[in-house]
K.L.:
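One structure is given below, represented as structure tokens, and several questions about it will come after.
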2 protein chains.
Amino acid sequence: MRIVVARCIVDYQGKLSAHLPEARRLLMMKADGSVLVHADGGSYKPLNWMSPPCWLTEEPPVDQESGELTSEAMIWVVTNKAGETLRITVLDIEHDSSHELGTDPGLVKDGVEAHLQELLSQRLDALGQGWSLVRREYPTAIGPVDILARDGRGQAVAIEIKRRGEIDGVEQLTRYLELLNRDSTIAPVRGIFAAQAIKPQARVLATDRGIDCVVLDYDELRGMDDVSARLF
Amino acid sequence: MRIVVARCIVDYQGKLSAHLPEARRLLMMKADGSVLVHADGGSYKPLNWMSPPCWLTEEPPVDQESGELTSEAMIWVVTNKAGETLRITVLDIEHDSSHELGTDPGLVKDGVEAHLQELLSQRLDALGQGWSLVRREYPTAIGPVDILARDGRGQAVAIEIKRRGEIDGVEQLTRYLELLNRDSTIAPVRGIFAAQAIKPQARVLATDRGIDCVVLDYDELRGMDDVSARLF
DNA sequence: CTGTTCATCTCGTAA
DNA sequence: TTACGAGGTGAACAG
């Protein structure tokens, strides 16, 4: 990885056009050819970048009109297969170093949506007494339903789980319910939209369609003994 | 901005748990307190990070069990208001430098959805003869429709514009049409789904619902003289 | 290979 | 401040 701190001008031409006026920035060239342009603020997203696979070439600092050499140190041009280009005009370099990092062993995660699904499928009693799991990832023609269960009265229930409950999730569950209710062997099927947090508009849409909303508490699901409130 | 290249172990505890085993990585500390941990590959997303506002403190390298100093150089602890923490155990430092970058003038973009909407509203003649704009961002109870227009026969048309036409865009337009068609002053309203590219499944769903699909050509809309083909 | 879904999404913008 | 939608979304996973 090569790290450069320099005054620079950056132009991206591709899916859109983007231009960065002259300023001092951090330029990161990774081993896979990708390039990142970072400012001293903002979050993890670079101001501008080129994703791999891509290739970096260096253009001589020739003025496009006069054809003469300019005072600029160099122009880096990064291109990918789709023809998108990132042009970095480097005006002066404050720091330049290269480092051998090797391949990274990678990130280990815990607590994503898959875990919520696993937990809830094991704790259907959190939804009410007598609930039973039919199966996780219950297949339909348009994709798998997160959980198919039966409630205390034996009626089929399709459960869609999200970390954050937004309108898209309600649409998704609606499509599943429409399909499942055509299947006479399990119809009628009702829906539950379960998430760690549910946006108001998503709740309104769900309610309008007769879908129940449930807010999941990760810690409560994880705790084996204490489920503070039955939902049904 | 401080740039450090070092062997390190990283642990994040917050919205989820994440762990990075020991390896050599680039650590970026920005002026706003945010920290990024980058490997020499992957795209622009860091392996691990903490977004601002947050604060970095340094812990002495004390072993948690024995209470004695360990051989580790130091532990950086980054915390935010929500109590999420990023702990970086720095084992040895290969590079360490600080740079004054100043505030960045920022990015200038061109070619996003807003431009498409602006262009199309000015070039409704690209859809057919005699079309007229009612208004952009036509308000409904569930949000504004991108464009409301009238076609050559005076019928109302709701146009939803996306850069990439996917299934949720069709769902969105469907909801608008349902609402608009309850309004007797403008009903019947038909729909047009306009995008630079439309995914096959989105096209199927749109067609099934009687919504016309239009592929927008950015350059063609921008050009004043030449509209190669009328769409209706 | 395409298509779909998740994300510590990030980021803008409007109410 | 919060809520919502777009993104050069990226990244993982299934078909």
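All chains are named by letter (A, B, ...) in the order of the sequence lines, taking the proteins before the strands, and each is independently numbered beginning at 1. Computation of the quantities below employed the complete heavy-atom set of this structure, encompassing side-chain atoms and omitting hydrogens, waters and symmetry-equivalent molecules.
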K.L.:
Return no unless some side-chain N or O of B:Gln201 is found under 4.0 Å from OP1 or OP2 of C:dT4.
P.N.:
yes

K.L.:
In whole Å, I'd like the distance from the CZ atom of A:Arg203 to the P atom of D:dT2.
P.N.:
18 Å

K.L.:
Does anything in residues 194-206 of chain B pair up under salt bridge (Lys or Arg N to Asp or Glu O under 4.0 Å), and if so which pairs, sequence neighbours excluded?
P.N.:
B:Glu166-B:Lys199

K.L.:
For C:dT8 versus D:dA14, give the span between their C1' atoms, rounded off to a whole number of Å.
P.N.:
25 Å

K.L.:
Checking all strands, does B:Pro200 fall into the base, sugar-phosphate, or nothing category for heavy-atom contacts under 4.0 angstrom?
P.N.:
sugar-phosphate

K.L.:
Once you round it to whole Å, what is the distance between P of C:dT5 and CG of A:Leu173?
P.N.:
13 Å

K.L.:
CD of B:Gln172 versus P of D:dG5: gap in Å, rounded?
P.N.:
7 Å

K.L.:
Can we say A:Asp146 and A:Arg136 salt-bridge, meaning some charged N sits less than 4.0 Å from an Asp/Glu carboxylate O?
P.N.:
no

K.L.:
Run the side-chain contact (heavy atoms from CB on, under 4.5 Å) check on A:Leu107 and B:His19 step by step: do they pass?
P.N.:
CA-CA 6 Å; A:Leu107 192 65; B:His19 172 74; over 6 Å; no

K.L.:
Write down the distance between CD (A:Gln13) and P (D:dG8), rounded to a whole number of angstrom.
P.N.:
14 Å

K.L.:
Rounding to a whole Å, what distance do you find between B:Asp168:CG and D:dG7:P?
P.N.:
12 Å

K.L.:
How does DNA chain D read in dot-bracket, base by base from 5' to 3', with Watson-Crick or G-U pairs under 3.5 Å and | used when the partner is on another strand?
P.N.:
|||||||.|||||||

K.L.:
Starting at CD1 of B:Ile75, measure out to CZ of B:Arg87 and round the result to the nearest 0.5 Å.
P.N.:
5.0 Å

K.L.:
So, A:Gln172 versus A:Lys162: side-chain donor-acceptor pair below 3.5 Å or not?
P.N.:
yes

K.L.:
Using a 4.0 Å heavy-atom cut-off, does B:Met50 contact any base of the nucleic acid, only the sugar-phosphate backbone, or nothing at all?
P.N.:
nothing

K.L.:
B:Lys162 NZ to D:dG8 P: how many Å, rounded?
P.N.:
14 Å

K.L.:
For B:Trp49, which residues count as a ring-ring contact (aromatic ring centres under 6.0 Å, His included) partner, sequence neighbours excluded?
P.N.:
A:Tyr44

K.L.:
Would you check if there is a donor-acceptor pair between the side chains of A:Ser43 and B:Ser51 at a distance under 3.5 Å?
P.N.:
yes

K.L.:
Determine the sole option in B:Ile88, B:Val37, B:Ile9, B:Thr89 for which the side-chain contact (heavy atoms from CB on, under 4.5 Å) test with B:Leu20 is passed.
P.N.:
B:Val37

K.L.:
So which nucleotide from D:dG8, C:dC6, D:dG7 ends up closest to the side chain of B:Glu113?
P.N.:
D:dG7

K.L.:
Can you sort out which residues in residues 23-37 of chain A have a heavy atom within less than 4.0 Å of DNA chain D? Ascending by number, please.
P.N.:
none

K.L.:
Indicate, with a heavy-atom threshold strictly under 4.0 Å, whether A:Glu166 touches base, sugar-phosphate, or nothing.
P.N.:
nothing

K.L.:
Do other residues, nucleotides or ligands put more than 12 heavy atoms under 6.0 Å from the CD atom of B:Glu178?
P.N.:
no

K.L.:
Which listed nucleotide (C:dC6, D:dA3, D:dG8) is nearest to the side chain of A:Lys199?
P.N.:
D:dA3

K.L.:
Would you mind checking if A:Glu160 and A:Arg175 are paired as a salt bridge, meaning a charged N to carboxylate O distance below 4.0 Å?
P.N.:
no

K.L.:
Hey, which sits more toward the 5' end of DNA chain C by its nearest nucleotide, B:Leu47 or A:Arg175?
P.N.:
A:Arg175

K.L.:
Which residue pairs satisfy the salt bridge (Lys or Arg N to Asp or Glu O under 4.0 Å) criterion with at least one member in residues 25-50 of chain A, sequence neighbours excluded?
P.N.:
A:Arg25-B:Asp104

K.L.:
Scan side-chain atoms only and decide if B:Arg209 and B:Thr174 contain a donor-acceptor pair under the 3.5 Å cut-off.
P.N.:
yes

K.L.:
Between atom CG in B:Asp146 and atom C1' in D:dC4, what is the gap in whole Å?
P.N.:
14 Å

K.L.:
Report the nucleotide, chosen from D:dG8, D:dA6, C:dT8, that has the shortest atom-to-atom distance to any side-chain atom of A:Leu16.
P.N.:
D:dG8

K.L.:
How many angstroms lie between atom CD1 of A:Ile147 and atom OG of A:Ser121, to the nearest 0.5 angstrom?
P.N.:
5.0 Å

K.L.:
What integer number of Å spans the C1' atoms of D:dG10 and D:dA6?
P.N.:
14 Å

K.L.:
Once you round it to whole Å, what is the distance between P of C:dC6 and CD1 of B:Ile167?
P.N.:
14 Å

K.L.:
Going 5' to 3' along nucleotides 10-15 of chain C, which nucleotides have protein heavy atoms under 4.0 Å from the base (write B), which only from the sugar-phosphate (write S), and which from neither (write -)?
P.N.:
SS----

